[in-house]
Amino acid sequence: MFTPVTVMIVPHAKTKPVSFKIPFSGILLVIFLWLTGSIYIVFTTVKIVEYYSMKSRLDLLENQLASLKKAEEESLAELRSTILSLKRAEEEFKKIFSFKSKRDVLEAFEVSDAGSINRDMEMIKKQIDEAIETVTEIKKYLSEQRDIYRSTPLGWPVKGPITSNYGMRKHPAYKEEAFHTGIDIAVPVGTPVRATADGIVSYAGWAPRSGYTIVIEHGHGFSTVYAHNSKLLVKVGQRVERGSIIAYSGSSGVTTGPHLHYEVWKNGVPVNPITYLKEDY
């Protein structure tokens, strides 16, 4: 082991060779140190690669966990919002159906605008969706009924005694038998005439026999006529609401005295206005 070994280095240039002696054990030590260093470097490199690979997977898992947590929070927030909407809708319907008459319900109805969570989130969402669908159908029905209610003539356009009813009669001016398509309500000249339903004015002007006349289209097949006025307050295309003043009564046209001639038409046919004079629904 300690026998000296001569090591000679021969360069390619013209420089003289260099030689030196070291014990054989020294050569073995150098080889051992070189192998040990190489193994250490390889091992360290593998550990570094494994560390960064594991760190990358850990970051990915953390991102996935954060996404799942965010999705869960959004889902819970959506459910809380939906439950709150259901509670508001429940309170709204409790308020609506506390009224005694159908008219009060439809007058008060307005189109709006509809805790602990079970483990089975899908079942809860399904139940809530079904409840919302039911509430939506109810609100849709009430909305449609309210439109019909607002389009249906109700109440008196003026208050006074009825001097001529709907049906066959002898005309007071022409003295001939004719069908009277409305009713005559005796009132003093200048009495405010009110619309009996929401609608749009389709005619406002002079008619040979009816004098100053207003026709209002209400929708759902309804229209009303107000004749023999002294002054008109609306024009064609104007939107009016039930109870709004549209004219002042008079005796224009062919009359024997001041009164309002009032007609109700349904699907293009005149009907007896007496049916619609009641103010309840």
(request) Please identify each residue that fulfils salt bridge (Lys or Arg N to Asp or Glu O under 4.0 Å) with K55, with sequence neighbours left out. (result) D59

(request) Apply side-chain contact (heavy atoms from CB on, under 4.5 Å) to I274 and I162, showing your working. (result) CA-CA 10 Å; I274 295 294; I162 298 176; 3.4 Å; yes

(message) Would you say that more than 12 heavy atoms from the other residues, nucleotides or ligands in this model lie under 6.0 Å from the OH of Y166, or not?
(response) yes

(message) Surrounding CE of M168 (heavy atoms of other residues, nucleotides or ligands, distance under 6.0 Å), is the total greater than 12?
(response)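 Yes, the 6.0 Å shell around CE holds more than 12 heavy atoms from other groups.
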
Quick one: [atom1] on [X] to [atom2] on [Y], what's the gap to the nearest 0.5 Å?
X    : Y    : atom1 : atom2 : result
I245 : L233 : CD1   : CG    : 7.5 Å
L33  : L29  : CG    : CG    : 4.5 Å
Y203 : S210 : OH    : OG    : 8.5 Å
E62  : R57  : CD    : CZ    : 13.5 Å
W156 : I185 : CH2   : CD1   : 5.5 Å
S244 : R242 : OG    : CZ    : 10.5 Å

(request) Would you check if H220 and D147 make a side-chain contact, meaning some heavy-atom pair closer than 4.5 Å? (result)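 Sidechains of D147 and H220: in contact.
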
(request) Give me the other members of the hydrophobic cluster that L58 sits in, counting Ile, Leu, Val, Met, Phe, Trp and Tyr linked by side-chain heavy atoms under 4.5 Å, directly or via other members. (result)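 Answer for L58: none, a lone residue.
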
(message) Going by ring pair (Phe, Tyr, Trp, His ring centres under 6.0 Å), name the pairs with one or both residues in residues 30-50, residues two or more places apart or in two chains.
(response) none

Residues forming a side chain to side chain donor-acceptor pair (under 3.5 Å) with [X], sequence neighbours excluded:
X    : result
S251 : none
Q238 : none
T224 : H218, Y226

(message) Enumerate the side-chain hydrogen bond (donor to acceptor under 3.5 Å, both in side chains) contacts for residues 260-270, please, sequence neighbours excluded, ordered by first and then second residue.
(response)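 Every side-chain hydrogen bond (donor to acceptor under 3.5 Å, both in side chains) pair that includes a residue of residues 260-270, provided the two are not neighbours, is H180-H261, T181-E263, D184-H261, T196-Y262, H261-E263, E263-W265.
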
My understanding is that only residues two or more places apart in sequence, or in another chain, count here; which of them pass side chain to side chain contact (heavy atoms under 4.5 Å, CB included) with [X]?
X    : answer
P17  : M8, V10
I48  : T44, Y52
T275 : N272
T191 : V158, V187, P188, S249

(request) May I ask you to check whether R169 and S164 show a side-chain donor-acceptor distance below 3.5 Å? (result)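 S164 and R169 do have a side-chain donor-acceptor pair below 3.5 Å.
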
(message) Between Y276 (side chain only) and V271 (backbone N and O only), is there a donor and an acceptor less than 3.5 Å apart?
(response) no

(message) With salt bridge (Lys or Arg N to Asp or Glu O under 4.0 Å) as the rule and sequence neighbours excluded, what pairs involving residues 35-45 come up?
(response)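 Salt bridge (Lys or Arg N to Asp or Glu O under 4.0 Å) check on residues 35-45 returns no pairs.
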
